[in-house]
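Computed over heavy atoms, backbone and side chain alike; hydrogens, waters and symmetry mates excluded.
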Amino acid sequence: MGKRLHIVSFNVPFPADYGGVIDVYYRLKALHKLGVETHLHTFTYGRPAAPELDALCSSVTYYRRRTGLASALTKRPYIVESRDSNELISNLLKDSSPILLEGLHCCSVLEVIDGSRIMVRAHNVEHEYYSRLADATSSPLRHLYLRSDARKLERYEPLLTKAAAVFAVTEADAAHFRSLGCGNVLLMPSSHADDDVVSTPSQPLTPDSTYALYHADLSVPENVEAVNYLADNIFAKSSHRFVVAGRNPSKALRDKLAPLRNVTLKPNPDNETMQRLIAQAQVLILVTQMPTGLKLKLLNSLYAGRHCLVNSAMVAGTELGNLCTVADTANDQLQALQTLMATPFSQQDIERRRQLLGSLYSNEANARILISQLAD
């Protein structure tokens, strides 16, 4: 297509093993497949340089993120201040190619470079996300930091009105950015690892599939809050088997689940093990108290798993509720779980998913939305 694009990423997008970097990595793959010449600029934050990215990008440049107290004690949000880089600005000014900023994190660029060549991928409404993280943490110091940065993020967010385009992950987020005064807001759902629905029918039900699974990064406060809720309101009140799987569960979380004899904790499963757990579970139960962004663990569940039992916040601003069983109270969730555990997952269910997910959540289709905004 002869298109050329700079992409500025908040973190090294390989390995693609958590929400935001999954979106970046699979967008890079789709753009590469469509012939776009991408020049990746990425900050390093706990992740080394990744030679694997060289196969997808025409160039990859790494920048050190300036973490520490000095970046926290400024008027700008910490996630922005710590990624302010004169070297990055200098490199971006060497030509006039369009620029995609991955997240509000990278928007210090928008303060100094003409916004007519800049687009922003908004991974969340960040100030709402930080406010909810503050509510979910039990650490007074972390609560203070998150609440302070939520206020900074809300004050900083109107800078997005300078961008030529803002890409939102959900319709709810898109409506928010339009309300700020952003003139060109497009829906572009998250890119992800799944190319096709690979869910398998559960007919007949087998002993291996008679469990419900909750899977997530178990070091994230939002997900810890969800597991605590499920432990008290679902696991302890049901006779069904449950598996909780994910990265880095704390001792407190392990201790919470230990007395529940019908719950098995699978800490730090490799990708193959996780995908097997998702594929074999009769029900994937996913709840959240944070109706922000698009939950990639839900997309993965719909592409690779069987029945999905969710609350309204998990599918807020999306059409994914049409493919799930939605229940918001503990009693309704228990009743729905009982029904789904006894209901075979059919080939017809798979075809319904394939139709909706293929039309709305295709990586290639999303990449074409971005390409449509690149000048010829």
Side-chain angles (χ1 to χ4, degrees), residues 1-66 80 83-123 163-167 169 184 186 188-195 296 362-376:
M1 289 187 178
K3 304 288 188 179
R4 192 173 191 273
L5 175 67
H6 292 286
I7 296 182
V8 182
S9 178
F10 54 90
N11 203 349
V12 180
F14 189 89
D17 56 3
Y18 74 89
V21 297
I22 291 173
D23 188 20
V24 178
Y25 177 75
Y26 288 100
R27 181 164 25 264
L28 288 171
K29 283 195 72 171
L31 290 169
H32 175 72
K33 182 179 178 181
L34 293 171
V36 177
E37 178 188 334
T38 56
H39 295 266
L40 177 65
H41 306 260
T42 181
F43 290 91
T44 56
Y45 176 53
R47 297 160 70 92
E52 293 84 353
L53 295 170
D54 296 338
L56 302 178
C57 305
S58 296
S59 68
V60 182
T61 308
Y62 297 89
Y63 306 84
R64 184 178 64 87
R65 186 182 174 198
R66 297 182 296 102
V80 177
R83 292 178 175 86
D84 190 14
S85 167
N86 290 332
E87 181 187 3
L88 170 63
I89 297 298
S90 176
N91 286 334
L92 293 174
L93 287 173
K94 288 177 180 178
D95 62 54
S96 58
S97 299
I99 300 166
L100 176 67
L101 305 177
E102 293 283 356
L104 197 62
H105 313 58
C106 304
C107 280
S108 62
V109 170
L110 195 51
E111 297 178 33
V112 293
I113 294 182
D114 178 14
S116 65
R117 60 180 284 215
I118 294 178
M119 301 166 290
V120 179
R121 188 337 170 245
H123 293 267
V166 175
F167 301 103
V169 297
N184 185 23
L186 298 97
M188 187 172 74
S190 297
S191 300
H192 52 85
D194 301 287
D195 293 322
L296 285 169
S362 157
N363 289 344
E364 181 174 325
N366 286 335
R368 290 188 186 280
I369 293 170
L370 172 56
I371 290 170
S372 73
Q373 301 300 301
L374 304 182
D376 293 324

Under the side-chain contact (heavy atoms from CB on, under 4.5 Å) test, which residues partner [X], sequence neighbours left out?
X: N11; result: Y18, V21, Y45, R47
X: A164; result: none
X: S85; result: F43, Y63, E87, L88
X: E52; result: F14, A50

Where [X] and [Y] come nearest, the two heavy atoms and their spacing:
X: A55; Y: H32; result: O-CE1, 3.4 Å
X: A16; Y: I22; result: O-CG1, 3.6 Å
X: P13; Y: Y25; result: O-CB, 3.2 Å
X: G115; Y: L110; result: CA-CD1, 3.8 Å
X: L370; Y: L100; result: CD2-CD2, 3.9 Å
X: S59; Y: H39; result: OG-ND1, 2.7 Å

If you round to the nearest 0.5 Å, how far is [atom2] of [Y] from [atom1] of [X]?
X: L56; Y: K33; atom1: CG; atom2: NZ; value: 12.5 Å
X: L40; Y: L5; atom1: CG; atom2: CG; value: 10.0 Å
X: H41; Y: T38; atom1: NE2; atom2: OG1; value: 9.5 Å
X: I113; Y: I118; atom1: CD1; atom2: CD1; value: 5.5 Å
X: S108; Y: I89; atom1: OG; atom2: CD1; value: 5.5 Å
X: K3; Y: Q373; atom1: NZ; atom2: CD; value: 10.0 Å

Please examine the side chains of [Y] and [X], heavy atoms only from C-beta on, and report whether any two atoms are closer than 4.5 Å.
X: N363; Y: H192; answer: yes
X: Y62; Y: L53; answer: yes
X: T42; Y: V24; answer: no
X: V169; Y: P189; answer: no
X: L92; Y: V8; answer: yes
X: V80; Y: C107; answer: no
X: F167; Y: I369; answer: yes
X: M119; Y: L101; answer: no

Check: D95/H6 side-chain N/O donor and acceptor closer than 3.5 Å: yes
Stepwise side chain to side chain contact (heavy atoms under 4.5 Å, CB included) check, V166 with L186: CA-CA 6 Å; V166 175; L186 298 97; over 6 Å; no
side-chain hydrogen bond (donor to acceptor under 3.5 Å, both in side chains) contacts in which one or both residues fall within residues 112-122, not counting sequence neighbours: D23-R121, D114-S116
Results of salt bridge (Lys or Arg N to Asp or Glu O under 4.0 Å) for R66 - residues two or more places apart only: E81
